[in-house]
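Structure, as C-alpha cells:
Every chain is numbered from 1, with letters handed out A, B, ... down the list of sequences. Small disclaimer: the values here were computed from a predicted structure and weren't measured.
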Amino acid sequence: MSPETQRKIEALFPRYPEKRGALLPAIYLVQAEKGYVGPQDARALAELFGLEPVDVWEVLTFYNMFYTSAQGRHHVYVCTNLPCSLRGARTLLKELESHLGIRCGQTTPDGRVTLAHEECLGSCGTAPVMRVDGEYVENLDLSEAKRVVDSLE
Amino acid sequence: MITQPYITNYLSEHYADDAYRELSGYEARGGFEGLRKAVQMEPADLVELVKSSGLRGRGGAGFSTGLKWSFMPSGNDRPKLFVCNADESEPGSFKDRLIMERGPHQMLEGILIGAWAVGASKTYIYIRGEYKVPTRRVEQAVKELYERGYLGQKILGKKGFDHDIVVHSGAGAYICGEETGLLESLEGKKGQPRKKPPFPAQYGAFGLPTTVNNVETFAHVPFIVARGLDWFLAIGTEKSPGTTLFGVSGQVERPGLFELPLGTPLGEIIDHAGGVRGGRALKGVIPGGMSMPILLPEDLDVRMAEEFLSERGTHLGTGGIMVMDETTCMVRVAAVTSYFFRDESCGQCTQCREGTGWIHKICERVEAGRGSPADLELLDDLPGLMEGQTICAFADAAAWPIQGLLRHFRADFEAHIAAQRCPFPESFEL
C-alpha cells in the first residue's frame, strides 16, 4: 500500500475503541488503489493492524465486495434475487452473457467488463437492477442494459 | 434513484421535497422539535415514553424499542454505544434506503433522542456497502449536525450531553443484518453471529454496552416525542402502533413503497400497487421479506401486523411484500430462495451450513426434472432439523420459506417429480 493510503488508514484508528474496527474501511482503501487486495496486501494490512495474515485473509474472503484477484476495469452486477427475477432479471443476465460473449462470473478477454450476479440490492420497487461500477441502474430493460454496458470504455 | 412512495404519511410526507434532506429544510418542517422536547425530560422518563408508545422495531423482529432501550445498564462507568442497523439486505426490503436518501435527519434525530435516553456517547451507523447514495446522504447530514452543534459536546447546550456519530460501510454480507453478526463485522471481523447471552446491552460492540436499532425504528422516534403518545397510539393497531413503509415488489403493476398504518389489509396494499400485473390471477404473496412464509390468495384479508400474520403462520418481517402471479413456478421460487440462503450462510453452525446446501440442491434437482419422491421427503424433514438449532435466526429464516412453499404449493413440487420436468413454461426464467 502507498504511504498515503497508510496515512489514511491510520487516521481512521481513533474512530474505534479498538484499532481493528478500522479493518473493513482500510480494506476498501487498499482496494481502491489497485482494484483488489492480494496476499501481499493482506500481509501489509496485518502488519499495520497487529494481526496475523490469516485474520485479514478470512475477513477479505468473507465479504462479497472485497476482491483477492484482479477484476475487469468495469463491474457489472445484475441482481438475480426473487423480486428482480420475477421481473425478468435472469433473462436479462443471459442476454448480457451472450452480448458480451462471457459467462456470469467471467471477465471479457480485453479486461473491460466483469459480469456477475448479486443478491438483493434493495431496489425491489425499481426492479430489475444492476450495479455498474458501484452505481445503481434501475428499472432496467434489455436495450438499456446493453446501452449501459456498451458505453463502458 | 429510488422512487417516491405512492402513499405518504408522517414519515414520508416531505420526501418528495429535496430541501427536506438538508438540516435547514428539515428544521423548517418540524425537525428537531422531538429532540428539543426530549432533552427537557429525564432520560428514564423518555425510555418509559417510548416503551408506552408500543413502538416495535422495524428491522424484522418487531421487538419493543423502549424495552430494548431499558436493557442498557444505568451509570456511566463504561461508555455506551448505539448502533444503527442500516444493513438492509432482506430480499424485498427497500424502505431504509428511502429514509436515508430522502429523510436522513429523521433517523439521526431518533438516534440523538435515544442517545439521551440511554446515555450513549457514540453511534455507529452500519450501512450496507452497496448503498452508496444513502451513505453519501447520511455522511452529509452528519456533517451538517456537527457544524450546527447537534453533535459533539454539550448538544443543545445541555451539560453532559455529548455524542459522536461514525458512518461505517459494510462489505456485502446478508448475515451482518443480524445484530451480533453486525457487531462482529463492526469490530473488523467476519460477520459471524455471537451466542446470546451475553446480550448486546451487556456486551456489545468492542465489549461495550450496545443497543442496535433499525433505521426506520429510529425515524419514528422523533414523531412520537414531538407529537405525543395519544397521537401515535391512534395510528395502526393496538399492539402495533404507527405506520410502516410497505414495499411491494414482484408481479404488480406499480411496485414501490406505500406508507400505511400497521394493520392495513394485505389486499388493500396490493391494490394500491395496481394489483397483479397484466390482469393475471394471484398465486402467492410473501408478506414480510423473503424469510417469511408465503400466503395464498385467500389470505388477502389479513391485516398487516405481527399479531394477525402470526395467526396465519407467517410474520410481518420487514413489510416487504412480494407478489407472484398465476404463471409462477413455486419450485423456481424455492430454488432462488434456497440459493440465496446457501450463499449467505456464514458457515459456523453445521445445521445451517449443510442444511441450506442440501435444500438448494434438492430444489434445483426437482426443478430440473430429476427429483424423486425421496427428495420431497427429505425436503419435508430438513427445515425442521435446522430451525431453532443454531446460534442465530438465519437457519429459521432459511427454513421458514421452504416450509411455507411445501405447505401451500406441494402440488407444484409433486407435478415436477411426476412429469420429470417443470410444468410451468410461462414462469419467470431461472
Side-chain angles (χ1 to χ4, degrees), chain A residues 12 14-28 31 45 49 51 55-56 58-66 77 79-95 117-129 131 133-139, chain B residues 1-3 79 81 88-94 96-97 124 128-133 166 168-174 176 185-192 205-208 247-251 255-257 286 290 320 322-325 328 332-333 336-337 339-340 343-344 346 428-430:
Chain A
L12 294 172
R15 292 183 173 198
Y16 303 89
E18 293 163 21
K19 182 153 105 164
R20 186 168 179 168
L23 185 57
L24 265 63
I27 292 172
Y28 273 121
Q31 187 164 275
L45 278 165
F49 278 81
L51 297 168
D55 295 329
V56 176
E58 69 171 17
V59 168
L60 268 172
T61 53
F62 185 84
Y63 296 95
N64 291 338
M65 294 177 72
F66 296 146
Y77 296 145
C79 172
T80 52
N81 205 294
L82 190 56
C84 278
S85 285
L86 287 169
R87 297 183 78 85
R90 286 169 191 253
T91 310
L92 190 137
L93 178 59
K94 283 178 189 165
E95 296 282 348
H117 79 104
E118 154 162 272
E119 296 302 341
C120 187
L121 290 170
S123 186
C124 322
T126 42
V129 62
R131 209 161 59 90
D133 295 338
E135 303 295 332
Y136 283 25
V137 189
E138 300 175 71
N139 287 313
Chain B
M1 188 62 61
I2 196 161
T3 52
L81 302 178
E88 181 169 68
S89 310
E90 176 67 24
S93 314
F94 47 105
D96 295 342
R97 177 179 167 207
Y124 291 96
R128 65 177 298 187
E130 295 89 344
Y131 274 5
K132 278 226 162 24
V133 174
V166 172
H168 184 98
S169 283
Y174 170 76
C176 295
S185 178
L186 182 61
E187 292 183 3
K189 301 171 186 163
K190 293 182 289 185
Q192 294 189 316
F206 308 100
L208 299 172
V248 184
S249 63
Q251 290 156 337
L257 287 158
I286 297 171
M290 202 155 84
M322 289 184 242
V323 176
M324 284 154 266
D325 72 24
T328 307
R332 291 187 192 181
V333 171
V336 172
T337 304
Y339 175 86
F340 171 73
D343 197 47
E344 298 290 350
C346 84
F428 73 90
E429 194 172 357
L430 198 61

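- Interatomic distance, CG of A/Leu92 versus CD of B/Glu429, reported as 10.5 Å (0.5 Å rounding).
- By number of non-hydrogen pairs under 4.5 angstrom with chain A, the leading residue of B/Gly170, B/Ser89, B/Pro79 is B/Gly170.
- Between the NZ atom in A/Lys94 and the CG atom in B/Leu430 there is a gap of 7.0 Å [rounded to 0.5 Å].
- Between chain B and the residues A/Pro83, A/Ala127, A/Ser123, A/Pro25, the most heavy-atom pairs under 4.5 angstrom are made by A/Pro83.
- Side-chain atoms of B/Ser169 and A/Met65, non-hydrogen and from C-beta on, never get closer than 4.5 Å to each other.
- To the nearest 0.5 Å, the span separating OH on A/Tyr63 from OG on B/Ser185 amounts to 3.0 Å.
- Between chain B and the options A/Glu135, A/Glu18, A/Lys19, heavy-atom pairs under 4.5 Å are most frequent for A/Glu18.
- When all heavy atoms are compared, the tightest approach of A/Cys124 to B/Pro255 is O-CB, 4.3 Å.
- Side-chain contact between A/Glu119 and B/Tyr339 is present, with heavy atoms from C-beta onward closer than 4.5 Å.
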Hey, mind stepping through A/Glu138 and B/Arg97 against salt bridge (Lys or Arg N to Asp or Glu O under 4.0 Å) and telling me if it holds?
CA-CA 14 Å; A/Glu138 300 175 71; B/Arg97 177 179 167 207; 2.9 Å; yes

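- Within the 4.5 angstrom heavy-atom criterion, only side-chain atoms of B/Arg128, from C-beta onward, approach chain A.
- Side chain of B/Glu187 to main chain of A/Arg20: no donor-acceptor pair is present (N/O by atom type, distance under 3.5 Å, no hydrogens or angles).
- Between A/Tyr16 and B/Phe206, the ring planes lie tilted relative to each other; the angle falls in the 30° to 60° range.
- Only the backbone of A/Thr80 comes within contact range of chain B, judged by heavy atoms closer than 4.5 Å.
- For the atom pair CZ of A/Arg90 and CZ of B/Arg332, the computed distance is 10.5 Å after rounding to the nearest 0.5 Å.
- Interface residue B/Tyr124: only side-chain heavy atoms are found under 4.5 Å from chain A.
- Only the side chain of A/Arg131 comes within less than 4.5 Å of a heavy atom of chain B; its backbone N, CA, C and O stay farther away.
- Taking B/Gly188, B/Ser249, B/Gly207 one by one and counting their heavy-atom pairs under 4.5 Å with chain A, the maximum is reached by B/Gly188.
- Heavy atoms closer than 4.5 Å to chain A are found in both the backbone and the side chain of B/Lys190.
- Across A/Thr91, A/Leu51, A/Leu23, A/Val56, the residue that shares the most heavy-atom pairs under 4.5 angstrom with chain B is A/Thr91.
- Ranked by heavy-atom pairs under 4.5 Å with chain A, the list B/Ser93, B/Gly191, B/Ala173 is led by B/Gly191.
- A pairwise comparison of heavy atoms in A/Phe66 and B/Ala171 identifies CZ-CB, 3.4 Å as the closest pair.
- In this structure, no portion of B/Asp96 lies under 4.5 Å from any heavy atom of chain A.
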Show your reasoning for whether side-chain contact (heavy atoms from CB on, under 4.5 Å) applies to A/Phe62 and B/Lys189.
CA-CA 9 Å; A/Phe62 185 84; B/Lys189 301 171 186 163; over 6 Å; no

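- B/Cys176 contributes atom SG, which lies 8.0 Å from atom CG of A/Leu24 (distance to the nearest 0.5 angstrom).
- Using a 4.5 Å cut-off on side-chain heavy atoms (C-beta onward), B/Pro91 and A/Leu82 make no contact.
- In this structure, chain B has no heavy atom under 4.5 Å from any part of A/Phe49.
- To the nearest 0.5 angstrom, B/Glu130 atom CD is 9.5 Å from A/Cys120 atom SG.
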